[in-house]
Amino acid sequence: MDTSDLLTIGVFARLTWLSPRALRLYEQQGLLAPALVDERTGYRWYRPSQLDAARLVARLRRLDMPLARIAAIVAALDEPAEAVALLDTYWSDEEYRVAARRELVSHLRIRLLGEEGDLSMYDIQVRDVPEQLVLTEQRHVKVQDLKDWIDDCIGRLLKAATGHGDGMVGPCFIIYHGAVNEESDGPVEICLPVEPGAGLAAATRIEPAHREAYTRITKAQVAFPQILSAYDAVQSWTEREGVAPLGSPREVYFADFGAAGPNDPCCDIAQPIE
């Protein structure tokens, strides 16, 4: 074997800030294969041209990026724009994860302090909501299955609204007719406002005009269970103001949830009131 132009695994490890153990792991994952392996001893050599890719792997690992996502970026190195898009997507996911955990800490502080928990971070407003015709779908669903069902259901309702007038004409809202958690399953109703008219390929009903108290929250605050603090804040406001709740609480999604950043307002937690 001619190894004169190759780097031993020890030298390669020092030059890339990766340990020999890590290099062997990345080889097993198909992420960074050595240029040559001695079949008798198992010793490995690498090409100098592999240094840049290995250093990139080391830096990406410092972001705690999973190996599968690193592999996708390495595979896209010939298309820099695609590699950058993959990096941006990962970092957006991380920012959302960190923001959601930060909100969870705030929620836990409120829970641990009990009656002394600070709900003043939620600004409660009141508004009048006009009567609306809505496409509707309702189901008993527990919290672990809630997100998938919501995504599927909204997709079905949007499809039904397509081609009917202007399609969806107001924010989608989700009504919780009962508690939803690991033990309780609602039911939950999803409503999509549309223009009145015939030919709608989904169940419809009239959502009556009403007044509601609400608080606006960010995408990170929507995650369960921290979203419960916003519900608690609205309920506490109604009790403090002596206002009677009328009907079930709901989440009103006035912005594109998928496109929103973790700190972007996108949802109102609302309670119809007398």
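For clarity, every value in this text was computed on a predicted model and none was experimentally measured.
Note that CG of L104 and CZ of R109 are 12.5 Å apart. Values are rounded to the nearest 0.5 Å. Here the CG-CG distance, from L56 to L32, works out to 10.0 Å after rounding to the nearest 0.5 Å. In this structure, CG in L228 is found 8.5 Å from OH in Y231, a value given to the nearest 0.5 Å. Remark: S229 OG to Q226 CD distance equals 8.0 Å, nearest 0.5 Å. Rounding to the nearest 0.5 Å gives a distance of 12.0 Å between CG of L86 and CD1 of I70. Separating the CE atom in M168 from the CG atom in L158 is a distance of 6.0 Å, to the nearest 0.5 Å.
The pair D232-R111 meets the salt-bridge criterion, with a side-chain N (NZ, NE, NH1 or NH2) lying under 4.0 Å from an Asp/Glu carboxylate O. Ion pair E189/R139 not flagged as a salt bridge, since none of the NZ, NE, NH1 or NH2 atoms sits closer than 4.0 Å to an Asp/Glu carboxylate oxygen. By the 4.0 Å N-to-carboxylate-O rule, E27 lies too far from R24 to be salt-bridged with it. Under 4.0 Å is where a charged nitrogen must lie from a carboxylate oxygen, and between R216 and D268 at least one such pair does. The pair D93-R97 does not meet the salt-bridge criterion, since no charged nitrogen lies less than 4.0 angstrom from a carboxylate oxygen.
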Report task. Dump the intermediate steps for side-chain contact (heavy atoms from CB on, under 4.5 Å) on V57 and I73, then the final yes or no. Result -> CA-CA 9 Å; V57 170; I73 291 176; over 6 Å; no

**Report entry** Derivation of the side-chain contact (heavy atoms from CB on, under 4.5 Å) call for N263 and Y96
**Finding:** CA-CA 8 Å; N263 297 314; Y96 173 71; over 6 Å; no

Report task. Report the C-alpha separation of E251 and Y214 in whole Å, then their side-chain angles, then the decisive distance to 0.1 Å, and conclude whether the side-chain hydrogen bond (donor to acceptor under 3.5 Å, both in side chains) test is met. Result -> CA-CA 9 Å; E251 297 165 11; Y214 71 96; over 6 Å; no

Report task. Decide yes or no on side-chain contact (heavy atoms from CB on, under 4.5 Å) for Y253 and V222, but give the supporting numbers first. Result -> CA-CA 10 Å; Y253 289 90; V222 169; 3.5 Å; yes

**Report entry** side-chain contact (heavy atoms from CB on, under 4.5 Å) assessment of I269 paired with I217
**Finding:** CA-CA 7 Å; I269 304 302; I217 62 175; 3.8 Å; yes

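Other residues, nucleotides and ligands contribute over 12 non-hydrogen atoms within 6.0 Å of the CZ atom of R240. Crowding of R101 atom CZ: a count of heavy atoms from other residues, nucleotides or ligands under 6.0 Å not exceeding 12. Annotation for W91: atom CH2 does not count as buried by contact number, only 12 or fewer foreign heavy atoms lying within 6.0 Å.
Residues E182 and V143 meet the side-chain proximity criterion, which asks for heavy atoms closer than 4.5 Å. Contact annotation: the side chain of L18 approaches that of L23 to within less than 4.5 Å [non-hydrogen atoms, C-beta and beyond]. With a 4.5 Å cut-off on side-chain heavy atoms, W45 and T8 count as touching. The shortest distance between side-chain heavy atoms of H107 and R102 does not fall below 4.5 Å. Looking only at side-chain heavy atoms (C-beta outward), S92 and T89 stay at 4.5 Å or farther from each other. A heavy-atom distance below 4.5 Å is found between the side chains of L6 and L36. Two residues are said to be in side-chain contact when any heavy atoms from C-beta on lie closer than 4.5 Å; V126 and R211 meet this criterion. Between F173 and P193 the shortest side-chain heavy-atom distance falls below 4.5 Å.
Contact between P272 and S248 at its shortest, heavy atoms only, is CD-O, 3.3 Å. The nearest pair of heavy atoms linking P265 to A255 is O-CB, 4.1 Å. Nearest heavy-atom pair, V180 versus F224, reported as atom, atom and distance to 0.1 Å: O-CE1, 4.1 Å. Counting all heavy atoms, side chain and backbone alike, V188 lies closest to W149 at O-CH2, 3.6 Å. The two residues V141 and L146 make their nearest non-hydrogen contact at CG1-CD1, 3.7 Å. The minimum heavy-atom distance between I124 and A213, with the atom names listed, is CG2-CB, 4.2 Å.
Tracing side-chain contacts under 4.5 Å through hydrophobic residues (I, L, V, M, F, W, Y), one never reaches V252 starting from V234; they form parts of separate clusters. Under a hydrophobic-cluster definition in which Ile, Leu, Val, Met, Phe, Trp and Tyr are linked whenever side-chain heavy atoms come within less than 4.5 Å, directly or via other members, L108 and L119 are assigned to different clusters. Using a 4.5 Å cut-off between side-chain heavy atoms of Ile, Leu, Val, Met, Phe, Trp and Tyr, with links allowed through other members, I154 and L133 fall into the same hydrophobic cluster. I206 and I174 fall within the same hydrophobic cluster, defined by Ile, Leu, Val, Met, Phe, Trp and Tyr side-chain heavy atoms under 4.5 Å apart, directly or through other members. Following chains of ILVMFWY side-chain contacts shorter than 4.5 Å, one can reach L63 starting from L67, so the two form part of one hydrophobic cluster.
Scanning for salt bridge (Lys or Arg N to Asp or Glu O under 4.0 Å) contacts around R156 gives E137, with sequence neighbours left out. The ring-ring contact (aromatic ring centres under 6.0 Å, His included) search around Y46 returns F12, not counting sequence neighbours.
With hydrogens and angles disregarded, a donor-acceptor distance shorter than 3.5 Å links the side chain of R61 to the backbone of M65. With hydrogens and angles disregarded, a donor-acceptor distance shorter than 3.5 Å links the side chain of Q271 to the backbone of G247. Using modelled atom types, one side-chain atom of H210 and one backbone atom of P208 make a donor-acceptor pair closer than 3.5 Å. Side-chain atoms of R55 come within 3.5 Å of backbone atoms of L15 as a donor-acceptor pair (strictly under, hydrogens ignored). Proximity of a side-chain donor or acceptor of K219 to a complementary backbone N or O of D264 within less than 3.5 Å is not detected. Judged purely by atom type and a 3.5 angstrom limit, E82 has no side-chain atom pairing as donor or acceptor with the backbone of E79. Between the side chain of S184 and the main chain of G186, no donor-acceptor pair closer than 3.5 Å is present. Checking side-chain atoms of T238 against main-chain N and O of Q235 turns up a donor-acceptor pair under 3.5 Å.
Tested against C191, the residues R205, Q132, R250, Q138 include a single side-chain contact (heavy atoms from CB on, under 4.5 Å) partner, R205.
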